[in-house]
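Residue numbers count from 1 along this sequence. Whatever order the structure lists ligands and atoms in, that order sets their numbers, starting from 1. Every heavy atom of this structure was used, including side-chain atoms; hydrogens, water molecules and symmetry mates were not.
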Amino acid sequence: MDDHQLLRYSRHILLDELGIEGQRRLLDAHALIIGAGGLGSPAALYLGTAGVGTMTIVDDDAVELTNLQRQIAHDLSRVGVPKAESARRSVLAINPDVQVHARVQRADAGLLDALVAQADVVLDCSDNFATRQAVNAACVAHARPLVAGAAVGFDAQVSVYDTRDADAPCYACVFPPEAAVQEVACATMGVFAPLVGIIGSLQAAEALKLLAGIGTSLAGRLQMLDARTMEWTQIAVPRAADCPVCAPRRRTTAR
Ligand SMILES: [Zn+2]
């Protein structure tokens, strides 16, 4: 770390839990962010300010006026610009020291397989069940920790799915892929603006903890928020022995 970095990250370095070693781990890390919308905006900005050395942001959408109510990585001048590129510019405007790769592509299985393999942590900031399952499958296949958040209306949830921990569930253990899911999208249901900020920031916090190797992650615990009452509920989520995604792979690695 040079003098400039020591100054920029001084308030992190002052933390006993983090220190120079932890900050160095962040600078050497690569985070993959799926989605540059309401959750991905604060997640990318905080990972950028915190000095995560390399970030890849995947989103195939372009910025629209209706996004600006909550997607804080974008602004009026970027309407029509791909969200991944807009988020990249916003991160670099704050911290030009970090590398940000914008991928204006749909997060399909092939792309995810390639990108997850290169990442140290994955943040699912997407907005649909199919993408969440595809991100989880890639994370299980490559044994990468997944920080998944979701928010709609006034309700939100966040957790960490980390199959490196033998007792911890993957996303599909908790939300089975074959389950009939009623997709509720922000486009039809609406979403309370700061709710995505709260959850995206929480995702950034969990990702930074995982990368720096500090604290205890949310693995095995699902954190839920009802913003109407601002009540947090946390439930234990066990792994499913018959999970179609992680169970076969865990048996393979156990042998
Ligand atoms: Zn599973």
Side-chain angles (χ1 to χ4, degrees), residues 29-35 37 39-40 43 56 58 106-152 155-185 199-200 202-211 213-225 232-255:
H30 186 164
L32 173 63
I33 302 179
I34 309 301
L39 301 171
T56 300
V58 183
R106 185 143 194 87
D108 62 17
L111 180 68
L112 287 168
D113 190 59
L115 294 182
V116 168
Q118 299 163 23
D120 300 304
V121 69
V122 179
L123 291 83
D124 183 357
C125 302
S126 72
D127 61 357
N128 66 86
F129 195 62
T131 302
R132 290 180 203 289
Q133 292 293 347
V135 173
N136 177 64
C139 288
V140 170
H142 294 284
R144 296 295 192 274
L146 166 62
V147 187
V152 70
D155 296 298
Q157 61 187 40
V158 58
S159 190
V160 170
Y161 302 95
D162 191 349
T163 55
R164 297 172 305 174
D165 175 347
D167 297 325
C170 81
Y171 181 81
C173 291
V174 184
F175 303 98
E178 71 276 12
V181 176
Q182 214 175 348
E183 200 86 65
V184 282
I199 299 301
L202 227 151
Q203 287 182 265
E206 288 298 291
L208 291 172
K209 284 165 54 190
L210 286 161
L211 293 174
I214 57 175
T216 306
S217 86
L218 273 175
R221 295 176 292 151
L222 180 66
Q223 183 75 59
M224 294 174 290
L225 172 63
W232 292 90
T233 310
Q234 191 178 90
I235 58 167
V237 282
R239 58 173 284 211
D242 60 349
C243 172
V245 179
C246 72
R249 193 159 288 269
R250 296 199 208 225
R251 275 195 293 276
T252 315
T253 40
R255 244 179 244 135

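- Heavy atoms only, all atoms of each residue included: Ile33 and Ala43 are closest at CD1-C, 4.3 Å.
- Counting heavy atoms from C-beta outward, Ile34 and Cys125 have side chains that stay 4.5 Å or more apart.
- Evaluation of the salt bridge (Lys or Arg N to Asp or Glu O under 4.0 Å) test over residues 163-173, restricted to residues two or more places apart or in two chains, returns Asp162-Arg164.
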Kindly list each side-chain donor-acceptor pair under 3.5 angstrom involving residues 233-247, sequence neighbours excluded, with atom names and distances?
{"from": "Gln234", "atom 1": "OE1", "to": "Arg221", "atom 2": "NH1", "distance (Å)": "3.3"}
{"from": "Gln234", "atom 1": "NE2", "to": "Gln223", "atom 2": "OE1", "distance (Å)": "2.8"}
{"from": "Arg239", "atom 1": "NH1", "to": "Ala166", "atom 2": "O", "distance (Å)": "3.1"}

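- The tally of protein N/O/S atoms under 2.8 Å from the Zn ion (ligand 1) stands at 4.
- When side chains are defined from C-beta on, Leu218 counts as touching Leu202, because their heavy atoms get closer than 4.5 Å.
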Using a 3.5 Å cut-off and no angle test, enumerate the donor-acceptor pairs between side-chain atoms of residues 144-151 and protein atoms at least two apart in sequence or in another chain.
{"from": "Arg144", "atom 1": "NE", "to": "Ala119", "atom 2": "O", "distance (Å)": "2.5"}
{"from": "Arg144", "atom 1": "NH1", "to": "His142", "atom 2": "O", "distance (Å)": "2.5"}
{"from": "Arg144", "atom 1": "NH2", "to": "Ala117", "atom 2": "O", "distance (Å)": "2.7"}

